[in-house]
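See below for the structure under consideration.
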2 protein chains.
Amino acid sequence: MRTSAPPALEDDVVRRLEESGFRTTPQRAHVYRTLLEKRDHPTAEDVFIRAKRTMPDISMATVYNCLDALVQSNLVRLVSHDRGATRYCPNMKRHHHFYCDRCGGAFDIDEGPSMSRPRLDIPDGFQPDRYEIVVRGLCPDCAARAVKLHA
Amino acid sequence: MRTSAPPALEDDVVRRLEESGFRTTPQRAHVYRTLLEKRDHPTAEDVFIRAKRTMPDISMATVYNCLDALVQSNLVRLVSHDRGATRYCPNMKRHHHFYCDRCGGAFDIDEGPSMSRPRLDIPDGFQPDRYEIVVRGLCPDCAARAVKLHA
DNA sequence: CTATATGCAAATAGTTTGCCTGTTA
DNA sequence: TAACAGGCAAACTATTTGCATATAG
């Protein structure tokens, strides 16, 4: 057993980026930290605005570059469920998503302890790597609003 | 029991559109028929090009309008899994999707007979309506190509 | 007859690219 | 110091909108 402190988040990021052939740059680390800060599935532009607060010279193109590098390094998931802008999610624990039909919001759904791996008949030749369950319907806010309209 | 022939596809389309408050127009029916013709998850532009072959005056804006009306009428599903253009799928039978990490292709996965509904802990307040399982990995073509590269 | 849909063109959002400079390993 | 990354602005792609005309109910 190692006696030193657990590796800092930073170390992990560096390692993952390097494993995928990316250099570690202040921008990439900063974009990642920005995502961790508020896990609300921000768009690239949201990330840009937030990242700019403490790194004013960062550019939109760099944000896209960083997000791509993080996605390819398996540090961030790309979330895209409607015609709107792509969203990004730094939660790499196995989890699922709920998408609201009305407001378009995306919400993480943790995997319950009793959850069994679904059995799907995936045709020959496909090489599945991972899966997620996508649930759609109304989020709490929109559901509450829908009830009001019917009152 | 009705003695006449089962309702034509058209009748069903008309009913669904009307139930959702849409008028039935030749363009909407045509876009729907175009989608049914080749179930390969085309983009709006693909649909536009195909639809134009037999309805040369149809416009891109109308294709978007029609696709929206069909989606809202539950005749078509919108499929969006990367930063590329949104794709459309007229298969409303319960089914799932496989997305290829390499080529970005989307494939329908039928639900096997032994499939049990997955149990998710959806927090209070959410009003789930439907779900789908999304599997990612390599499609047969890309998997075969990956093997070759390692040979 | 009237609300709604179409077609066109222009506008906007989202994302990518080229090019030159700066930085990482 | 060489290959890679950043910044900026322009290009591009996907989608939406405004408006005049046409059409479904």
Side-chain angles (χ1 to χ4, degrees), chain A residues 10-11 13-32 34 41-52 54-73 75-76 78-88 104 106, chain B residues 10-11 13-32 34 41-52 54-73 75-76 78-88 104 106:
Chain A
E10 300 298 88
D11 293 347
V13 177
V14 170
R15 188 176 52 73
R16 298 265 209 144
L17 282 170
E18 284 179 356
E19 277 174 11
S20 306
F22 295 106
R23 289 182 180 168
T24 306
T25 66
Q27 288 84 349
R28 283 174 181 161
H30 184 61
V31 162
Y32 186 52
T34 303
H41 302 89
T43 63
E45 189 171 14
D46 294 333
V47 174
F48 175 58
I49 291 167
R50 293 177 196 175
K52 241 179 135 70
T54 43
M55 188 181 272
D57 287 342
I58 197 171
S59 73
M60 195 67 208
T62 296
V63 168
Y64 274 105
N65 165 359
C66 293
L67 290 170
D68 284 345
L70 293 167
V71 167
Q72 286 177 61
S73 306
L75 287 159
V76 166
L78 181 157
V79 171
S80 167
H81 65 97
D82 61 13
R83 285 206 295 236
T86 305
R87 291 159 180 282
Y88 300 86
Chain B
E10 301 298 87
D11 294 347
V13 177
V14 170
R15 188 176 51 75
R16 299 264 209 144
L17 284 169
E18 285 179 355
E19 276 174 12
S20 306
F22 294 106
R23 288 183 181 171
T24 306
T25 67
Q27 288 84 347
R28 284 174 180 161
H30 185 62
V31 163
Y32 187 52
T34 302
H41 303 88
T43 64
E45 188 170 14
D46 294 334
V47 173
F48 175 57
I49 290 168
R50 294 177 195 176
K52 243 181 135 68
T54 43
M55 188 180 270
D57 287 343
I58 197 171
S59 72
M60 195 66 208
T62 296
V63 168
Y64 274 106
N65 163 358
C66 293
L67 289 169
D68 284 345
L70 293 166
V71 167
Q72 286 177 63
S73 305
L75 287 159
V76 166
L78 182 156
V79 171
S80 166
H81 65 99
D82 60 13
R83 286 206 294 237
T86 305
R87 291 159 181 282
Y88 300 85

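Reckoned from all heavy atoms, side chains included, excluding hydrogens, waters and symmetry mates.
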> How does protein reach along nucleotides 11-25 of chain C, written 5' to 3' as B (base within reach of a heavy atom under 4.0 Å), S (only sugar-phosphate), or - (no contact)?
Replying inline: ---SBBB------BS

Side chain to side chain donor-acceptor pair (under 3.5 Å) involving [X] - partner list, sequence neighbours excluded:
| X | value |
| --- | --- |
| A/Thr25 | none |
| B/Ser20 | none |
| B/Thr24 | none |
| B/His81 | none |

>> Report for the helix from C/dC1-D/dG25 to C/dA25-D/dT1: angle between first-end and last-end helix axes, five pairs each, rounded to 10 degrees.
In response: 50°

> Just checking, is any N or O donor in the side chain of B/Ser80 or A/Ser80 under 3.5 Å from an acceptor N or O on the other one?
Replying inline: yes

>> Just the rounded figure in Å: distance from P of C/dT4 to CG of B/Leu17.
In response: 15 Å

> Once you round it to whole Å, what is the distance between C1' of C/dA5 and NE2 of B/His30?
Replying inline: 16 Å

> Can you name the closest pair of heavy atoms from B/Thr34 and B/Val47 and give their distance?
Replying inline: CG2-O, 4.1 Å

> Looking at residues at least two apart in the chain, or sitting in another chain, which of them share a salt bridge (charged side-chain N to carboxylate O under 4.0 Å, His left out) with B/Arg50?
Replying inline: B/Asp40

> Which residues pass the salt bridge (charged side-chain N to carboxylate O under 4.0 Å, His left out) test with A/Arg15, sequence neighbours left out?
Replying inline: A/Asp12, A/Glu19

> Which residues pass the ring pair (Phe, Tyr, Trp, His ring centres under 6.0 Å) test with B/His41, sequence neighbours left out?
Replying inline: B/His97

> Taking for each residue the nucleotide of DNA chain D with the nearest heavy atom, is it B/Phe22 or A/Val63 whose nucleotide lies nearer the 5' end?
Replying inline: A/Val63

> How would you give the extent of chain B contacts on DNA chain D, as first and last nucleotide 5' to 3' within a 4.0 Å heavy-atom cut-off?
Replying inline: D/dA14 to D/dG25

Would you list the atom pairs, donor with acceptor, under 3.5 Å between side chains in residues 58-70 of chain B and any protein atom, with sequence neighbours excluded?
residue: B/Ser59; atom: OG; partner: B/Thr62; partner atom: N; Å: 3.2
residue: B/Ser59; atom: OG; partner: B/Thr62; partner atom: OG1; Å: 3.0
residue: B/Asn65; atom: OD1; partner: B/Arg28; partner atom: NH2; Å: 2.9
residue: B/Asp68; atom: OD1; partner: A/Arg83; partner atom: NH1; Å: 3.2
residue: B/Asp68; atom: OD1; partner: A/Arg83; partner atom: NH2; Å: 2.5
residue: B/Asp68; atom: OD2; partner: A/Arg83; partner atom: NH2; Å: 3.0

> Starting at the 5' end of DNA chain C, which residue's closest nucleotide do you reach first, B/Pro56 or B/Arg28?
Replying inline: B/Arg28

